[in-house]
Number of protein chains: 2
Amino acid sequence: MNRGQIAVTVDVVIFALRDNDLQVLLVKRKYPPFSGQWAIPGGYVDVDESLEEAAARELYEETGIQVGELEGSAARVPYIEQLYTFGDPHRDPRGRVITVAYFALVPAPLALRAGSDASDAEWKSVHRLPKMAFDHDQIVRYALQRLRYKLEYTAVGFQLLPPSFTLSALQRAYETILGEKLDKRNFRRRILHAQVIEPTGEFQSGEGRPAMLYRFREDAVAEVKARRLFP
Amino acid sequence: MNRGQIAVTVDVVIFALRDNDLQVLLVKRKYPPFSGQWAIPGGYVDVDESLEEAAARELYEETGIQVGELEGSAARVPYIEQLYTFGDPHRDPRGRVITVAYFALVPAPLALRAGSDASDAEWKSVHRLPKMAFDHDQIVRYALQRLRYKLEYTAVGFQLLPPSFTLSALQRAYETILGEKLDKRNFRRRILHAQVIEPTGEFQSGEGRPAMLYRFREDAVAEVKARRLFP
DNA sequence: TCAAAAGTGTTTGTGGTACACCCATGG
DNA sequence: CCATGGGTGTACCACAAACACTTTTGA
């Protein structure tokens, strides 16, 4: 019998697109172990809250970001899903701590607030990650792999964009995350053909010719079963 | 702070093909809560063992099935992966118990042994599941969904078959799991084209014309990235 | 010779990929 | 008028789906 000997935490990998780069929100640890090092936001699960509630609470306490669909909220996470549970017996020097990792996507510009558990919160490029506490580097790498994977067969990528966006911005988002160039004509044809976005009727003016703005269709089928019997 | 107030278990959904049916291994609970009801094998995680070790140990204790690649072992699990972590605060009447669920595939005929923690272990059809303890029905349903999903884009299905098998047997396996008929010629072409199996040179005699036996190619690329940008 | 299961090809449609130029606007 | 990014079409190829008959064996 081992009740009471194992602690459970949740940790959340939060992705956003900033400066044409895929970034992760990290917090600087105030207290040991690993104090002064960067970590993904997270903390202990309370006895009477669900894992999702714990993830939302820790996120809010450490970064000011709220989970939910509320309009007008400056900082909200529209998308969160369970990633994996990491349970190596030696992943935390304090003792046996199992962590249920989540991964979240937020539209680019979010107001942050340093919370009580963390002295600082900062966005860091996934390509230049600092040394991180615990096994958090492994968790972030796994989350990135999952994000890339999901990007290709679900419409999850729209969660990283503002409510309306141009097709070029969408393509840049895909290219940034996948780390490769995509053909403009093929990209547009596939996205439009997939019927997941619709034109807003508005245009965005900028440097060159104004671009049509699109929005994600809420009624879109985000994930479709594809008969493949492995490639 | 909540250390010590939350218990962690692992539970394993084990699938096998028996009698042209997809079945799950269930154990009858000896002790409360839910004593006398069916449950998937599992139990508390020890402080000093990893989640995978805990899954393997519980599996062995309750069913006699060993995890690993050992040849000659009558009952071994060649495939196991983490499924999901279920953490609803009220999923266990004894208190807060979070369970890390795994799902495993075994080739059809495995010798079972009732263990000390379970008075009985039995294979049950996924289509006619009995009333189950805790949220185990939910876990099994989720595992089935995952199995069907993986079947289509990975070569995981071969883990449910003996080392050598006919193409008809493979097709029956797919049809049983997916719950639908597949076209024989298209199925064979795709499987052979995918280069995941090779002929053994042996034939299996039976009712009609003898059938070529195939084996899974260990060097096969089981999962290939397919550029789709959602269907 | 019959029953039972194994094995085999072609046509058609759809979607992926490669590829280059004109368009609308602001400065 | 020019720089900047927005927007468009076609040809080829690979693979998915639909579809029915011949072959081999044992009883």
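A note on names: the letters A, B, ... follow the listed sequences, proteins ahead of strands, and every chain is numbered from 1.
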To the nearest angstrom, the NZ-C1' distance between B:Lys184 and D:dT23 comes to 11 Å
Testing C:dG7, D:dG6, D:dA16 for proximity to the side chain of A:Arg209, the answer is D:dG6
Practice prompt. Please check the phosphate of D:dC15 (OP1 and OP2 only) for any side-chain N or O of B:Arg190 closer than 4.0 Å.
Written response: no
Practice prompt. Measure the acute angle between the ring planes of B:Phe158 and B:Phe165, then classify it against the limits of 30° and 60° as parallel, tilted or perpendicular.
Written response: tilted
Practice task
Answer yes when A:Glu61 and A:Arg57 have at least one side-chain N-carboxylate O distance shorter than 4.0 Å, and no when they do not.
Solution key: yes
In whole angstroms, the gap separating C1' of C:dG7 from CD of B:Gln204 amounts to 15 Å
Between CZ of B:Phe203 and C1' of C:dG7 the distance, given in whole Å, is 11 Å
Result for 5'-nearest mapping on DNA chain C, choosing between B:Arg189 and B:Leu167, is B:Leu167
### Message
Can a donor-acceptor pair be found, under 3.5 Å and without considering hydrogens, that links the side chain of B:Arg148 to the backbone of B:Ile177?
### Response
yes
In whole angstroms, the gap separating C1' of D:dG6 from CG of A:Leu213 amounts to 12 Å
To the nearest angstrom, the CG-P distance between A:Leu182 and C:dG16 comes to 13 Å
Rounded to whole Å, the CD-P distance (B:Glu207 to C:dA3) equals 13 Å
Side-chain atoms of B:His193 come closest, of C:dT25, D:dC15, D:dA18, to D:dC15
In whole angstroms, the gap separating C1' of C:dG7 from CD of B:Gln171 amounts to 12 Å
A:Leu192 atom CG is separated from D:dG9 atom P, nearest whole Å, by 12 Å
Can you label the angle between the A:Tyr153 ring and the B:Tyr153 ring as parallel, tilted or perpendicular, going by 30° and 60°?
tilted
Think A:Ser168 has a side-chain N or O under 4.0 angstrom from the OP1 or OP2 of D:dG6? yes
Result for side-chain contact (heavy atoms from CB on, under 4.5 Å) between A:Leu105 and one of A:Gln159, A:Lys150, A:Glu81 points to A:Gln159
Contacts of A:Ala211 and A:Asp183 projected onto DNA chain D by closest heavy atom; the upstream (5') one is A:Ala211
Note to self: Does D:dC21 have its OP1 or OP2 closer than 4.0 Å to a side-chain nitrogen or oxygen of B:Arg185?
What the structure shows: no
